[in-house]
Novice: 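Input: one structure, supplied below.
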Amino acid sequence: MPQENLPANIMPFYLYLETYGCQMNVLDSEMVVASLRSRDYQLVDDPLAADAILINTCSIREHAEEKVYSVLGKLRRLKQEHPEKVIGVLGCMAQKDQQRIFERAPSVDLIVGPGQLSQTGVLIDRVRNGEGRQMALSLGRRDGPAESIRRSHETFDPLRDPQMRPTPFQAYLRIQIGCDKFCTYCVVPMTRGPEQGRSPAEILAEARVLADQGCREITLLGQTVNSYRYREGDRTTTLADLLALIHEIEGIERLKFVTNYPKDMTVPLLQTVRDLPKCARYLHVPLQSGSNRILQRMKRGYTVEEYREMMHRIVEWLPDAAVSSDFIVGFSGETDQDFEGSVQMIQECRFKNSFIFKYSQRPGTKAAQLLPDDVPDQVKRLRNQRLLALQDAISQEDNQQFVGRDVEVLVEGPSKAAEKSGVEGPVLQLTGRTPCDRIVVFDGTRRLVGQLVHVAIDDGTTHTLIGHVVTGQVGPELFTLDPAAETIVRT
Ligand code: SAH
Ligand code: SF4
Ligand code: F3S
């Protein structure tokens, strides 16, 4: 625990960090922990044991923010009893709500936007040195010259901490920050600032660091990852070029990229994915709505027909790919007829899965300024349930088609059920994913974690394939081959 009167930077210091939101935030948290560890901070998993409690937040829907304010409310008592503890709000909510957070949650000492996270350590020190509340934010989208705004949204990605990742052999790698699409409902262009591609040299160097750390699967991140462009002189690097470059790195076995923007799903990109065996056969390309009128109000920049053409391109070039989507139900002005368009597109596109969200009006967005939030919550809820039920039925039907097939699985670790049961035998239920991103559970030993194994699928539920390891690939201690039966026998 910290001792009085010593300079902050040499005290042993315990850190607790809770993360909300998307993959970008998961990655940001990894970076924050890596940079604080380099200042001798130690990570703990109990906020009560921590000297600094940081919450990395999300503003995408009101519900996400309410959860954080509720957590901050609970921390108020703790702060009263232990005023020396530093409480910090990081991430998108910090950038969006700024000092309003101090007003609504008086126990907060520190507010750091996603573009200023490299400041976190210095700012914690300042709070501990009695310099009062600290805040580091990026410039708003109209708060200065374009270059200054861009520079105020910086990443500090080269710091990687494998211990912070759920599995050390899987990692996110940011290739793009920010977003310039300005969908009318969305806060991200405000919280994450202008779209900026990172340089291919930096991205490649980081991919090599990850491979050296034993990472086998890299997921490239960007809000519209397939719009990635990086210009150096007269050369432009695209996502397809990056995939080809990272594909060469020894040790990396799988490459994914999220999230895709429908209009930029080009044939050259699809051909690249087809030609590079390490690229996952999986594309997350949110449609958001199956009604042209709503897509226009959302300012998504494409029509249902164009999305359909994109699906045809995917089927033509990558017939074995799984496509997943996001939908917003109950957006401003959405009629029953508009909603039926979304129902129809789920039926037609047969997505592997869809994330379905009730529209949540966000202060500061174009929709909040110009479009009434006029669909009653009850209607949003019913539409949400209906799309979910339809998507679940499709997911289950498609998963059933895998029964009897062998799939290659990157083993991630014990399944949720195995972790919950807490039983530690030599054989436990493991989970992993296929190249088309389907979740598979099967029995095996811990030694398989991080490996690519072949699994024969016996059953398929809505969200999971259930199978067994194909004979002959596992060590002799725990499995032996019964050649007559062609099955695995547990010893
Ligand atoms: N950049 C990604 C999505 C980022 S946000 C893309 O453009 O696809 C993740 C998802 O949250 C979005 O795809 C959208 O479906 C949903 N979302 C964003 N803003 C929302 C809002 N105001 N209300 C409800 N859902 C929202
Ligand atoms: Fe938000 Fe649209 Fe940008 Fe995605 S593309 S982050 S939904 S503004
Ligand atoms: Fe949320 Fe920010 Fe991600 S608003 S979804 S954490 S980019």
Side-chain angles (χ1 to χ4, degrees), residues 18-29 55-65 67-68 89-97 112-115 117 138 141 153 155 172 174 176-196 221-228 257-265 283-290 294-295 297-302 307 310 323-332 334 342 351 353-369 371 373 375 377 380-381 383-384 387:
E18 202 165 296
T19 306
Y20 294 84
C22 64
Q23 294 103 327
M24 283 286 177
N25 264 16
V26 173
L27 178 54
D28 284 341
S29 288
I55 310 194
N56 196 4
T57 61
C58 172
S59 292
I60 202 81
R61 285 168 288 276
E62 191 180 356
H63 181 64
E65 294 189 341
K67 263 199 286 193
V68 170
V89 173
L90 315 181
C92 288
M93 254 174 88
Q95 184 64 36
K96 175 175 155 285
D97 286 359
V112 190
L117 292 173
S138 303
R141 300 250 354 187
H153 288 270
T155 54
Y172 294 127
R174 189 178 347 244
Q176 181 191 55
I177 65 172
C179 181
D180 284 342
K181 297 288 191 276
F182 284 101
C183 304
T184 55
Y185 51 81
C186 183
V187 291
V188 174
M190 289 189 296
T191 61
R192 298 262 169 184
E195 179 184 318
Q196 304 180 65
L221 292 188
Q223 294 298 344
T224 52
V225 71
N226 56 340
S227 319
Y228 173 88
F257 49 92
V258 288
T259 299
N260 290 283
Y261 185 63
K263 266 205 127 161
D264 291 322
M265 194 57 88
L283 300 167
H284 182 59
V285 207
L287 168 59
Q288 311 295 4
S289 167
I294 297 298
L295 286 175
R297 284 165 84 85
M298 290 176 164
K299 200 172 153 286
R300 279 293 283 179
Y302 53 84
Y307 191 91
M310 178 208 72
V323 179
S324 62
S325 181
D326 293 350
F327 284 89
I328 296 176
V329 293
F331 186 64
S332 170
E334 188 186 67
S342 298
F351 298 110
N353 65 290
S354 294
F355 298 97
I356 297 158
F357 307 106
K358 291 191 298 173
Y359 172 54
S360 165
Q361 191 176 61
R362 307 285 50 227
T365 58
K366 271 274 167 303
Q369 285 159 23
L371 301 168
D373 183 9
V375 177
D377 194 58
K380 288 181 185 170
R381 202 172 318 147
R383 288 180 183 169
N384 192 339
L387 281 196

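Every number for a ligand or one of its atoms is a count from 1 in the order of the listing.
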Novice: Can a non-hydrogen atom of S59 be found less than 4.0 Å from any atom of ligand 3?
Specialist: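 Right, S59 reaches ligand 3.
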Novice: Report the nearest protein non-hydrogen atom to atom 2 (C) of ligand 1: residue, atom name, distance rounded to 0.1 Å.
Specialist: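 Answer, as residue, atom name and distance: Q223 O, 3.5 Å.
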Novice: Tell me, which protein residue and heavy-atom name are nearest atom 4 (Fe) of ligand 2, and how many Å apart are they?
Specialist: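 Answer for atom 4 (Fe) of ligand 2: R300 NH1, 4.2 Å.
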Novice: Is the Lys NZ or Arg CZ of R362 less than 6.0 Å from the centre of Y185's six-membered ring, within 45° of the axis?
Specialist: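 Cation-pi check for R362 and Y185: fails.
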Novice: Output yes when R192 and D180 qualify as a salt bridge under the 4.0 Å nitrogen-oxygen rule, no when they do not.
Specialist: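 Looking at R192 and D180, the cut-off is not met.
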Novice: Can you tell me if V188 has a non-hydrogen atom under 4.0 Å from ligand 1?
Specialist: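 The answer is no: ligand 1 sits nowhere under 4.0 Å from a heavy atom of V188.
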Novice: In terms of residue, atom name and distance, what is the protein heavy atom nearest to atom 3 (Fe) of ligand 3?
Specialist: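 Nearest protein contact, heavy atoms only, for atom 3 (Fe) of ligand 3 is C22 SG, 2.3 Å.
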Novice: I want to confirm something. Looking only at heavy atoms, which of M24, R362, H284, Q288 is nearest to atom 14 (C) of ligand 1?
Specialist: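 Residue with the shortest heavy-atom distance to the ligand atom: Q288.
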Novice: Under 4.0 Å, heavy atoms only, figure out whether ligand 3 is touched by the backbone of C92, its side chain, both or neither.
Specialist: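 Near ligand 3, C92 shows its side chain, while the N, CA, C and O stay back.
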Novice: Just to be sure I'm reading this right: ignoring hydrogens, which of S59, A367, P286, S325 gets closest to atom 8 (O) of ligand 1? Compare them by their nearest heavy atoms.
Specialist: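 Nearest heavy atom to atom 8 (O) of ligand 1 lies in P286.
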Novice: Using a strict 4.0 Å threshold on nitrogen-to-oxygen distance, state whether E334 and R297 make a salt bridge.
Specialist: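 R297 and E334: not salt-bridged.
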Novice: May I ask whether K181 has any heavy atom positioned less than 4.0 angstrom from an atom of ligand 1?
Specialist: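 No, K181 has no heavy atoms under 4.0 Å from ligand 1.
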Novice: Give the residue and atom name of whichever protein heavy atom lies nearest to atom 24 (C) of ligand 1, and the separation in Å to one decimal.
Specialist: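 Among all protein heavy atoms, the one nearest atom 24 (C) of ligand 1 is K358 O, 3.3 Å.
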Novice: Does Y185 approach ligand 1 within less than 4.0 angstrom via side chain, backbone, both or neither, non-hydrogen atoms only?
Specialist: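 Both of them.
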Novice: Near T224, which atoms of ligand 2 are under 4.0 Å from a heavy atom of that residue?
Specialist: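 Answer, ordered by atom number: 5 (S).
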Novice: Under 4.0 Å from a heavy atom of Q223: which atoms of ligand 3 are those, numbered in the order shown and with their elements?
Specialist: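 Near Q223, the atoms of ligand 3 are 7 (S).
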Novice: Are K181 and Y261 in a cation-pi contact, defined as NZ or CZ under 6.0 Å from the six-membered ring centre and within 45° of the axis?
Specialist: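 Ring-cation test returns yes.
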Novice: Is the closest side-chain heavy-atom distance between L287 and F327 below 4.5 Å?
Specialist: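 Yes - at least one pair of side-chain heavy atoms lies under 4.5 Å apart.
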Novice: What protein heavy atom sits nearest atom 26 (C) of ligand 1, and how far away is it?
Specialist: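 Here the closest protein heavy atom is R61 NH1, 3.4 Å.
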Novice: Have a look at ligand 2 and work out which part of T259, if any, has a heavy atom under 4.0 Å from it: side chain, backbone, both or neither.
Specialist: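 Neither; no heavy atom under 4.0 Å.
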Novice: With backbone taken as N, CA, C and O and side chain as the heavy atoms from C-beta onward, which portion of S360 lies under 4.0 Å from ligand 1: side chain, backbone, both, or neither?
Specialist: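 Answer for S360: both.
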Novice: How does R300 reach ligand 1, if at all, at less than 4.0 Å between non-hydrogen atoms: by side chain, backbone, both, or neither?
Specialist: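 It is the side chain that touches ligand 1; the backbone stays farther off.
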Novice: So how many protein N, O or S atoms does atom 1 (Fe) of ligand 2 have within less than 2.8 Å?
Specialist: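 Every protein N, O or S atom under 2.8 Å from atom 1 (Fe) of ligand 2 counted, the figure is 1.
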Novice: Taking the non-hydrogen atoms of I328, is any one of them nearer than 4.0 angstrom to ligand 1?
Specialist: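 Yes; I328 lies near enough to ligand 1 that a heavy-atom distance drops under 4.0 Å.
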Novice: Look at atom 5 (S) of ligand 1 and find which of D326, I356, I60, T224 reaches it with the closest heavy atom.
Specialist: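 It is I60 that holds the nearest heavy atom.
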